[in-house]
Amino acid sequence: MAVVAEVDVKRGTDTGLLVLRAALGLIMAAHGAQQLLGWFGGGGVDGTAAFFAASGYSASTLMAVLSGLSHILGGLALTVGLFTPLACAAIIGTMINAVAVMWGSGFFAAKGGIEYELLLIVATAGVALTGPGRLALDRGIPVLREHRATLGLAGIVIGVVSGVLVLALFR
């Protein structure tokens with residue numbers, strides 16, 4: 001009986017992680033498609049570059065492309081659970097920049113604040129630390145098959161460092 005209960009817990013955890021990864025990943029990928037491709041009412045590269053320029057970033061076209069690619073590739077990789085620590089790093093790095101841009105607007109999103117971006121960072125960091133679960137393509141990669149919290153922590157550190165470096169170099 002205990003074995004059956006343990007299997008149910010693992011199955012529920014894996015399914016829950018899949019739902020969380022899919023929500024985070026598809027939201028990020030859709031936002032990246034707005035930035036890079038102009039889909040879903042987005043500004044495309046030109047509109048996104050104008051936003052980056054207005055937000056004080058140099059090399060605004062490069063930033064638009066990098067942001068769009070980070071959102072799309074990181075989001076899709078997270079959705080399917082492929083190279084999960086790096087996917088999480090891409091999302092965390094871009095969201096750190098989003099927080100920096102909106103920092104002076106307060107906390108609540110209704111006033112242009114940072115609550116949504118912080119939620120994305122924390123949820124993504126949680127997936128990084130927990131791992132993608134067994135319903136992920138990482139299961140086919142030997143070094144990622146068995147999740148290690150150190151890999152998740154490394155993904156978080158890479159995301160934070162890359163986000164801060166982008167701010168230091170381009171804003």
Side-chain angles (χ1 to χ4, degrees), residues 17 20-132 138 144 148-171:
L17 284 167
L20 180 58
R21 284 192 347 256
L24 286 168
L26 292 175
I27 287 168
M28 295 306 294
H31 188 69
Q34 286 182 305
Q35 292 178 329
L36 196 59
L37 306 170
W39 293 0
F40 312 116
V45 172
D46 292 339
T48 305
F51 170 79
F52 275 108
S55 298
Y57 285 83
S58 61
S60 59
T61 300
L62 173 65
M63 291 305 305
V65 171
L66 289 176
S67 179
L69 286 173
S70 294
H71 279 80
I72 291 171
L73 297 177
L76 292 177
L78 184 62
T79 298
V80 298
L82 181 63
F83 304 120
T84 303
L86 292 177
C88 291
I91 293 169
I92 290 169
T94 59
M95 288 298 100
I96 284 174
N97 278 267
V99 166
V101 167
M102 295 150 66
W103 185 256
S105 300
F107 180 75
F108 294 104
K111 304 222 183 215
I114 60 173
E115 71 175 313
Y116 175 67
E117 289 75 15
L118 285 178
L119 177 61
L120 291 173
I121 290 170
V122 170
T124 302
V127 171
L129 292 171
T130 305
D138 281 353
L144 297 174
R148 293 169 183 80
T150 53
L151 291 176
L153 184 58
I156 293 168
V157 169
I158 290 168
V160 170
V161 169
S162 65
V164 170
L165 277 175
V166 165
L167 285 169
L169 296 174
F170 295 104
R171 188 162 188 237

Q) Going by heavy atoms in the side chains, are Arg21 and Thr79 under 4.5 Å from each other? A) no
Q) With a 4.5 Å limit on heavy-atom distance, are the side chains of Ser67 and Asn97 in contact? A) no
Q: Give a yes or no answer on whether the side chain of Asp138 reaches the backbone of Leu144 with a donor-acceptor pair at less than 3.5 Å.
A: no
Q. Between Ile27 and Tyr116, is a side-chain contact (heavy atoms from CB on, under 4.5 Å) present by the stated rule, with each step listed?
A. CA-CA 12 Å; Ile27 287 168; Tyr116 175 67; 3.1 Å; yes
Q. Distance-only, no hydrogens or angles: does the Thr94 side chain make a donor-acceptor pair with backbone N or O of Ile91 under 3.5 Å?
A. yes
Q.
Give me the atom names and distance for the closest heavy-atom approach of Gly93 to Ser162.
A. CA-OG, 4.1 Å
Q.
I need the minimum non-hydrogen distance between Leu17 and Gly131, along with the two atoms involved.
A. CD1-O, 3.6 Å
(Q) If the condition is ring pair (Phe, Tyr, Trp, His ring centres under 6.0 Å), which residues does Phe51 pass it with, not counting sequence neighbours? (A) none
Q. Sub-3.5 Å donor-acceptor pair from the side chain of Glu115 to the main-chain atoms of Phe107, do we have one?
A. no
Q: Working to the nearest 0.5 Å, report the span between OH of Tyr57 and CG of Leu167.
A: 4.5 Å
(Q) Check the orientation of His31 and His71. Use parallel for under 30°, tilted for 30 to 60°, and perpendicular for over 60°. (A) tilted
(Q) Once rounded to the nearest 0.5 Å, what's the spacing between atom CG of Leu119 and atom CG of Leu24? (A) 8.0 Å
(Q) Measuring from atom CG of Leu151 to atom CZ of Phe83, what distance do you get when rounded to the nearest 0.5 angstrom? (A) 12.5 Å
**Q.** Short side-chain to backbone donor-acceptor contact, Arg171 and Ser55, under 3.5 Å
**A.** yes
Q: Over all heavy atoms of both residues, which pair between Ser60 and Ala53 is shortest? Give the atoms and the distance, please.
A: CB-N, 3.6 Å
Q: Taking all heavy atoms of Ala64 and all of Ala49, pick out the closest pair and write down the distance.
A: CB-N, 3.6 Å
(Q) How long is the straight-line distance from SG of Cys88 back to CG of Leu153, given to the nearest 0.5 Å? (A) 12.0 Å
Q) Which atom names give the shortest non-hydrogen contact between Gly74 and Ala90, and what distance separates them? A) CA-CB, 4.1 Å
Q | Residues forming a side chain to side chain contact (heavy atoms under 4.5 Å, CB included) with Leu165, sequence neighbours excluded | A | Val161
Q.
Does Glu117 form a side-chain contact (heavy atoms from CB on, under 4.5 Å) with Ile96? I'd like the steps, not just the answer.
A. CA-CA 8 Å; Glu117 289 75 15; Ile96 284 174; over 6 Å; no
**Q.** Leu78 side, atom CG; Leu26 side, atom CG - distance, nearest 0.5 Å
**A.** 9.0 Å
Q) Nearest heavy-atom pair of Phe40 and Gln34: which atoms, and what distance? A) O-NE2, 3.1 Å
Q: Begin with the C-alpha distance, continue with both residues' side-chain angles, and end with the deciding distance and a verdict on side-chain contact (heavy atoms from CB on, under 4.5 Å) for Ile72 and Met28.
A: CA-CA 6 Å; Ile72 291 171; Met28 295 306 294; over 6 Å; no
Q) Does any non-hydrogen side-chain atom of Thr48 lie less than 4.5 Å from one of Leu36? A) no
